[in-house]
Amino acid sequence: MPIEPQDDPPFDLPPNTESGAGTPGQAAPAHAQGSISQRALAKRPMSSSAAPYLDALNPEQRAAVEALEGPVLVLAGAGTGKTRVLTTRIAHILETGRAYPSQILAVTFTNKAAREMKERVERFVGGSVEGMPWLGTFHSIGVKILRRHAELVGLKQGFTILDVDDQLRLMKQVIEAEGLDKDRWPARQLAAYIDSWKNRGLTPEKVPAGEAHAFAGGKGRELYAAYQRRLKELNAADFGDLLLESLRLFMENPDILAQYHNRFRYILVDEYQDTNVAQYLWLRLLAQGSEKPNICCVGDDDQSIYGWRGAEVDNILRFEQDFPGATVIRLERNYRSTAHILATASHLITANENRLGKTLFTDGAAGNKVTVTGLWDDEEEARTIASNIEALSKQGHRLNEIAILVRASFQMRVLEDRFITTGLPYRVIGGPRFYERAEIKDAIAYLEVTANPANDLKFERIINVPKRGLGDTSVKRVRELARASEIPLFAAAQSIIETEELSGKARRSLSDLVRQFERWRASAATMPHTELAELILDESGYTQMWQADKSPQAQSRLENLKELVRFMHEFDTLQGFLEHVSLVMDIDNASDGDRVSIMTLHAAKGLEFDTVFLTGWEEGVFPSQRTLDESGQAGLEEERRLAYVGITRAKVSAHISFTQNRRNRGLYQSAIPSRFVDELPEAHVEVVEAKTPFGGAYQNFGGRFGGNPYGASRFDEAPAAFQSSYATPGWQRAQKQWQSDSTTPPRRRAAPRTIEGELVASSTSESSFEMGERVFHQKFGYGRISEIDGNKLTIDFEKSGRKRVVDSFVERH
DNA sequence: GCATTAGTCGTTTTT
DNA sequence: CGACTAATGC
């Protein structure tokens with residue numbers, strides 16, 4: 001392994017200089033051909049002993065790793081070893097001496113993916129290599145580039161990165177400054193427009209006239225331009241800018257772009273199907289350095305589920321036109337799921353027109369068929385799943401290996417309620433992220449203003465948090481002074497307290513706050529940053545504010561603050577911590593015990609579980625009516641890909657369910673089974689009857705009973721096959737009962753006692769709580785016990801009303 | 001300036 | 001139904 005040269009200057013010496021190629025000072029050509037020695041090296045067959053890591057790959061994976069020259073598209077189906085290919089490919093480039101770590105650009109979408117790849121490459125190559133400086137998310141690499149050339153895009157080196165709150169605050173100001181009614185033209189909407197323009201690589205001038213008129217009667221473009229100007233004044237960039245501005249940098253400065261062409265000998269892109277136009281253009285520019293760029297994009301068109309966020313499936317579909325002579329390699333051997341599951345997912349996805357096409361297969365066991373269950377309503381669905389999980393748990397399955405995937409988060413509530421009452425430990429994945437919580441943002445704002453007094457938006461965030469009598473009017477005065485004298489808000493605050501401009505009370509508290517910040521800044525030089533953080537949180541009254549708060553979440557907010565300080569220990573400096581925080585929004589959620597996971601289908605991408613429950617397969621819910629309305633056929637295909645993603649998360653069993661009735665937005669509505677249910681391959685699916693009577697919602701099933709308004713069903717063409725599988729005794733029984741019961745849906749009977757009884761019996765015996773006792777629950781807050789039944793308590797919560805809860809979920813208060 | 005109440009509106013979400 | 005926002009009253 002060659003020794004890593006300094007990351008700067010940008011022109012690294014090519015490796016293997018002793019072979020005569022790439023003498024010092026001669027910039028190595030970045031294009032595919034490379035030096036003679038490199039070409040010779042490339043042709044040299046790797047003996048197994050020289051590259052044992054290659055032996056562990058299947059032929060397709062190996063081909064994807066070894067196709068180092070020229071553009072390569074790796075179509076990696078779910079569970080086919082995509083990350084392995086990517087990391088092995090990097091290792092291979094390094095091991096064969098084709099490039100230094102600093103000459104490889106490897107981009108991912110999420111920090112998690114970047115982290116994982118980094119760890120795995122390091123494991124491969126050994127700790128000897130000092131990381132990979134250009135392995136990261138699009139955004140983190142964008143920042144890195146922008147910091148080097150900030151002046152060229154109108155920023156200064158130490159620019160700050162805005163979060164969503166800051167963005168909205170700024171946009172609100174821009175809208176008001178433009179003299180527009182902020183109610184008619186909400187900042188959120190403008191933010192959505194600007195975001196989509198940035199996603200498409202459009203600077204204000206390039207916004208199509210038609211779209212620019214969509215907002216505020218034609219002012220969209222001006223507002224966008226004004227917003228960008230304000231960002232520059234504040235020396236700040238939003239997330240979109242991290243990409244868009246580095247794109248602009250490259251387009252306007254060919255010399256700079258050339259430096260990066262020279263630097264990046266190999267480009268790797270993960271999850272290519274999720275790239276948006278801006279990212280695509282960015283990659284193209286970087287790859288343009290040679291005719292046959294060594295760019296390797298890995299992705300799966302069937303897993304493109306972020307179209308609504310600007311991702312362009314077309315990028316992956318068009319790859320071969322974009323990069324002529326590209327090698328396309330399909331990874332179709334699946335190592336995750338059993339055959340029935342794979343066949344179900346594969347078959348479902350064939351209903352999509354717009355795809356490159358690939359078929360997953362496995363040498364593994366057939367396993368169990370995918371089950372489909374129709375249920376009366378969402379509560380019955382939750383009960384059934386809870387009892388199935390309970391049964392699995394008794395058989396020794398780990399809860400960590402079980403997940404429930406929903407289309408939309410409103411579906412989670414029933415499940416949570418049920419799990420709480422039965423005492424089934426669960427966790428919700430992808431809820432509010434750590435750094436998105438208000439208390440964390442506030443704390444960070446304090447730290448940020450301490451470290452960087454010029455960060456106006458962060459200062460504005462906490463100027464009156466906790467409440468210190470500095471309302472809108474006072475803040476407005478300070479802001480006006482700041483704008484008038486073109487100084488930061490904090491500086492304006494410093495000078496305004498010397499004047500009579502503010503009322504006595506406001507002046508005093510602002511002056512206190514300013515002095516506190518000055519003191520904290522002085523302490524920052526001598527005090528460890530974690531200690532400083534504690535001091536600030538304490539002296540500002542912030543901790544106290546939450547201690548005084550009696551809402552159910554206050555306690556966990558305080559915990560979060562503690563967690564934040566604990567986390568800060570991982571950084572050497574306050575600056576280092578703040579830089580990390582602005583880019584990395586998630587925090588490693590420690591796996592705390594054995595719990596069932598509940599999450600959206602989107603959040604499930606990239607994960608796998610032994611058992612997966614897919615709920616709510618009803619028209620309108622899944623596929624989502626809104627997507628259908630907004631995006632038509634393309635939307636439907638994206639929904640179908642979502643179904644594909646969901647099914648392929650399962651390793652050994654997948655259970656699909658739909659209900660006849662679902663409570664949503666307060667009203668109870670009837671539903672018909674999703675068209676996706678009809679699209680499932682009959683041979684790999686088993687209809688399981690619901691345990692409760694009338695549980696089957698089969699009267700609409702297959703488009704033959706009650707009519708499916710969404711066109712002919714596949715099963716219409718094969719009625720025999722349909723009947724063989726779906727006309728189970730249970731189904732017939734349900735059908736008969738249904739018909740004899742007239743057209744009125746049967747009333748749902750009371751909660752099945754057997755399930756309750758079973759669960760109660762399986763838990764601890766008698767509750768130690770007493771009637772009338774005041775208790776606290778993490779989710780529902782405070783309440784009083786009104787009934788005790790074994791370990792089950794009925795509690796009247798002050799905020800959430802009456803609930804039945806297992807006693808281990810509440811604590812005395 | 002702040003707390004309480006009426007009104008709105010309701011996918012998916014990294015960075 | 002319930003979370004979040006805007007408007008109203010103290």
- Message: Does B:dC9 have OP1 or OP2 under 4.0 Å away from a side-chain N or O of A:R626?
- Response: no
Output for pair (A:E271 CD, A:Q273 CD), nearest 0.5 Å, gives 5.0 Å
A:K172 atom NZ is separated from C:dA6 atom C1', nearest whole Å, by 11 Å
Does A:K505 reach a base, just sugar-phosphate, or nothing at all? Heavy atoms under 4.0 Å.
nothing
**Asked** With a distance cut-off below 6.0 Å to the six-membered ring centre and an angular limit of 45° from the axis, does A:R147 pair with A:F159 as a cation-pi contact?
**Response** yes
Separation of C:dG2 atom P from A:L667 atom CG, nearest Å, is 13 Å
Between A:N664 and C:dC1, is there a contact of a side-chain N or O with OP1 or OP2 at under 4.0 Å? no
For A:D274, answer base if it contacts any base atom (sugar-phosphate contacts may also be present), sugar-phosphate if it contacts only those atoms, and nothing otherwise; contact means non-hydrogen atoms under 4.0 Å.
-> nothing
- Item | Test: A:D377 and A:R383 ion pair at under 4.0 Å | no
Taking B:dA3, B:dT13, B:dT15 as options, the one with an atom nearest any side-chain atom of A:H139 is B:dT15
When rounded to whole Å, the CG to P distance for the pair A:D378 and C:dC1 reads 14 Å
> Contact class for A:E639 vs. all strands (heavy atom < 4.0 Å): base, sugar-phosphate, or nothing?
Replying inline: base
*Run the salt-bridge test on A:E379 and A:R418 with the 4.0 Å N-O cut-off and return the result as yes or no.*
no
Closest to the 5' end of DNA chain B, once A:A603 and A:R665 are matched to their nearest nucleotides, is A:R665
- Indicate yes or no: does A:E638 engage A:R641 in a salt bridge with an N to O separation below 4.0 Å. yes
### Task
Could you measure between the two C1' atoms, the one in C:dT5 and the one in B:dT12, and give it in whole Å?
23 Å
Checking C:dG2, B:dT12, B:dT15 against the side chain of A:R413 (C-beta onward), the nearest is C:dG2
Review point. With a non-hydrogen cut-off below 4.0 angstrom, is A:E436 in contact with a base, only sugar-phosphate, or nothing?
Key: base
Against the side chain of A:L583, the closest entry in B:dT15, B:dA3, C:dA3 is B:dT15
**Salt-bridge criterion met for A:R507 and A:E501 (N-O under 4.0 Å)** = no
Between CZ of A:F109 and P of B:dT13 the distance, given in whole Å, is 16 Å
To the nearest angstrom, the CG-C1' distance between A:L628 and B:dT12 comes to 14 Å
A:K441 NZ to B:dT15 C1', in whole Å, measures 12 Å
Mind checking A:S582 for me? I need base, sugar-phosphate or nothing, with any heavy atom below 4.0 Å counting as a touch. nothing
- OP1, OP2 of B:dT12 versus side-chain N and O of A:S409: anything below 4.0 Å? yes
Separation of C:dC1 atom C1' from A:R663 atom CZ, nearest Å, is 8 Å
Contact under 4.0 Å: A:N464 side-chain N or O vs B:dC2 OP1/OP2: yes
Rounded to whole Å, the OH-P distance (A:Y306 to B:dT13) equals 7 Å
Discussion item. Between B:dT12 and A:W308, is there a base-stacking contact, meaning the centre of the base's six-membered ring lies under 5.5 Å from the residue's ring centre while the planes stay under 30° apart?
Written reply: yes
Heavy-atom nearest nucleotide on DNA chain B taken for A:T600 and for A:R468; more 5' hit belongs to A:R468
